[in-house]
Colleague: 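Please see the structure below; I have some questions.
The structure displayed is predicted, hence computed values, not measured ones. Just so it is clear, the values below take in all heavy atoms, side chains as well, and ignore hydrogens, waters and symmetry mates.
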Protein chains: 2
Amino acid sequence: MLRISKLSDYAIVLLSEIAREQGGQGVTARHLAASTHIALPTVVKLLKLLKDHGVLLSIQGRNGGYRLAHRPSDTNLAVIIEAVEGPIALTECMNEELDCQIHHNCNTKAHWVHINAAFRQALSVVNLNDLTRGTMPVRVSWNGDRAPAL
Amino acid sequence: MLRISKLSDYAIVLLSEIAREQGGQGVTARHLAASTHIALPTVVKLLKLLKDHGVLLSIQGRNGGYRLAHRPSDTNLAVIIEAVEGPIALTECMNEELDCQIHHNCNTKAHWVHINAAFRQALSVVNLNDLTRGTMPVRVSWNGDRAPAL
DNA sequence: TAAAATGGGACCAATTCAGTCCTGTATTGG
DNA sequence: CCAATACAGGACTGAATTGGTCCCATTTTA
Ligand code: FES
Ligand code: FES
């Protein structure tokens, strides 16, 4: 079916909520669980992931919580998804150092590199501001031409 | 990790091989299994899927086999992947009729529709000819502007 | 110093995915 | 005409991934 994981979706919801509520100090996992109706253990797990990948900052101890590590406009969907799911690599061939030899005469890899980049681009253009404020980036344009043979 | 399934990858390999070998008449599953080193039952399963979705034509009986249903230039990655994995729908919200209410005030759906389209676009521009002949479409361009709020 | 919060793992259940197997039908060369 | 070859269709299994839970340690502060 080719979809992002449910966890990534949750992460987007959580971050949107943090961006919306953030009033100087952190937002707690408990509070987020209540306001998003995502189970607390799951919320905790996700916030930790996002913190480990530099999307969130954490404040320990009583009155602790989480805050965005960067401005909402600098936190985009590509970053969020990569934090939760790992690097976006649509095929085996992409991010492995093992010399993938699935295809005979591999004309394929170059295409995947390109598709991967286009996809990541589409994701990276949408940021937290867009999600909370309802702004929207313009569309990708495609000139329709074809390049000459490799 | 966000990757296409192994089956989709196999399908691409199989179709490339068919496009390459196709000399008027069909190519058999047995032959494809031998030439691609993909296990026969798996090959059979995939060819059936591709046939059901109109990517391949089948000829039954002795001397039977499979042929491309359309010209190689009309068989693109989006079609192939959708045949094997079902429609490309990156989020729950996309292809379901159930009124997905994951997000509070959903500013999200509009973005996913857009990302989905951009992704499918990137896939659909690469066709079987490109894969077998080594030609390559040009890149997606992005003007960097942002549209006004919704 | 107790309560409230994150930190870090291990762990389990459910689903999805990859792959196999079996039985049936169509076609055709000999 | 019939046996061999190939596709048709589905049931089934094992493996891998994902989604989700649980437990206990550490940090901070009212
Ligand atoms: S061998 Fe991996 S993309 Fe070709
Ligand atoms: S409720 Fe599904 S995209 Fe917002």
Colleague: Could you check whether any side-chain heavy atom of A:Val125 comes within less than 4.5 Å of a side-chain heavy atom of A:Asn76, counting everything from C-beta outward?
Modeller: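 Of all side-chain heavy-atom pairs linking A:Asn76 with A:Val125, none is under 4.5 Å.
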Colleague: Among all residues two or more places apart in sequence or in another chain, which pass the side-chain hydrogen bond (donor to acceptor under 3.5 Å, both in side chains) test with B:His31?
Modeller: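 Counting only residues at least two positions away or on another chain, B:His31 forms a side-chain hydrogen bond (donor to acceptor under 3.5 Å, both in side chains) with B:Glu21.
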Colleague: Nucleotides 14-16 of chain D: which of its N/O atoms have a protein N/O under 3.5 Å away?
Modeller:
none

Colleague: Has the side chain of A:Glu17 got a donor or acceptor atom that lies under 3.5 Å from a matching backbone atom of A:Ser35?
Modeller: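 A pair under 3.5 Å: no.
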Colleague: May I have the distance from A:Leu40 (atom CG) to D:dG19 (atom P), rounded to whole angstrom?
Modeller: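 Taking CG of A:Leu40 and P of D:dG19, I get 18 Å after rounding.
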Colleague: Under the side-chain contact (heavy atoms from CB on, under 4.5 Å) test, which residues partner A:Ala39, sequence neighbours left out?
Modeller: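 side-chain contact (heavy atoms from CB on, under 4.5 Å) check on A:Ala39 returns A:Pro41, A:Thr42.
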Colleague: Over how many whole Å does the gap from B:Leu46 atom CG to D:dG9 atom C1' extend?
Modeller: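 From B:Leu46 CG to D:dG9 C1': 15 Å.
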Colleague: How long is the line joining NE2 of B:His53 and P of D:dG9, in whole Å?
Modeller: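 Checked: the NE2 to P distance equals 13 Å.
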Colleague: side-chain contact (heavy atoms from CB on, under 4.5 Å) with A:Asn116: which residues, sequence neighbours excluded?
Modeller: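 Scan of A:Asn116 (side-chain contact (heavy atoms from CB on, under 4.5 Å), adjacent residues dropped) gives A:Ile88, A:Leu90, A:Met94.
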Colleague: Between B:Leu2 and A:Arg3, which heavy-atom pair has the shortest distance, and what is it?
Modeller: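 The pair with the smallest heavy-atom distance is CD1-O, 4.0 Å.
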Colleague: Show which side-chain atoms of residues 50-66 of chain A pair as donor or acceptor with protein atoms under 3.5 Å away, not counting sequence neighbours.
Modeller:
{"residue": "A:His53", "atom": "ND1", "partner": "A:Leu49", "partner atom": "O", "Å": "3.0"}

Colleague: For a quick check, with a 4.0 angstrom heavy-atom cut-off, what is the B/S/- contact string for nucleotides 21-30 of chain C, read 5' to 3'?
Modeller: -----BBBS-
Colleague: A:Leu57 CG to D:dT28 C1': how many Å, rounded?
Modeller: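 Going from CG in A:Leu57 over to C1' in D:dT28 covers 17 Å.
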Colleague: Residues sharing A:Val44's hydrophobic cluster, by side-chain heavy-atom contacts under 4.5 Å among ILVMFWY, directly or via others?
Modeller: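 Cluster partners of A:Val44: A:Leu40.
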Colleague: Under the salt bridge (charged side-chain N to carboxylate O under 4.0 Å, His left out) rule, collect the residues that match up with A:Arg30, sequence neighbours excluded.
Modeller: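 So A:Arg30 forms no salt bridge (charged side-chain N to carboxylate O under 4.0 Å, His left out) with any residue.
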Colleague: Taking all non-hydrogen atoms of both residues, which atom of B:Val84 and which atom of B:Ala11 are closest, and how far apart?
Modeller: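 Closest heavy-atom pair between B:Val84 and B:Ala11: CG2-CB, 3.7 Å.
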Colleague: May I have the distance from A:Asp9 (atom CG) to D:dT18 (atom C1'), rounded to whole angstrom?
Modeller: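 In whole Å, D:dT18 C1' and A:Asp9 CG are 14 Å from each other.
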Colleague: Could you give the NZ-to-C1' distance, from A:Lys51 to D:dT26, as a whole number of Å?
Modeller: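 Checked: the NZ to C1' distance equals 12 Å.
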Colleague: Report the residues that fulfil side-chain hydrogen bond (donor to acceptor under 3.5 Å, both in side chains) with A:Glu82, sequence neighbours left out, ordered by chain and then residue number.
Modeller: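 A:Glu82: side-chain hydrogen bond (donor to acceptor under 3.5 Å, both in side chains) contacts with A:Arg120.
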Colleague: How would you label the contact of B:Lys45 with the nucleic acid (heavy atoms, under 4.0 Å): base, sugar-phosphate, or nothing?
Modeller: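 Result for B:Lys45 = base.
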Colleague: Report the distance from atom CG of B:Leu56 to atom P of D:dA8, rounded to the nearest whole Å.
Modeller: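 Interatomic distance, CG of B:Leu56 to P of D:dA8: 10 Å.
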Colleague: Could you list the protein-to-nucleotides 12-17 of chain C atom pairs, N/O on both sides, closer than 3.5 Å?
Modeller:
none

Colleague: Mind calculating the distance between OH (A:Tyr10) and C1' (D:dG19) to the nearest angstrom?
Modeller: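 Whole-Å distance recorded here is 8 Å.
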Colleague: Counting only side-chain nitrogens and oxygens, does B:Thr42 get under 4.0 Å of the OP1 or OP2 atom of C:dT20?
Modeller: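 Answer yes for this pair, as a side-chain N or O of B:Thr42 is under 4.0 Å from OP1 or OP2.
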Colleague: Do A:His111 and B:Asp130 come within less than 4.5 Å of each other through their side chains, counting heavy atoms only?
Modeller: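 Yes, their side chains come closer than 4.5 Å.
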Colleague: Heavy-atom nearest nucleotide on DNA chain D for B:Asp52 versus B:Arg30: which residue maps closer to 5'?
Modeller: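 Final value for this comparison: B:Arg30.
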Colleague: Report yes if at least one side-chain N or O of B:Ser58 is closer than 4.0 Å to OP1 or OP2 of D:dA8; otherwise report no.
Modeller: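 Looking at the OP1 and OP2 atoms of D:dA8, one of them is under 4.0 Å from a side-chain N or O of B:Ser58.
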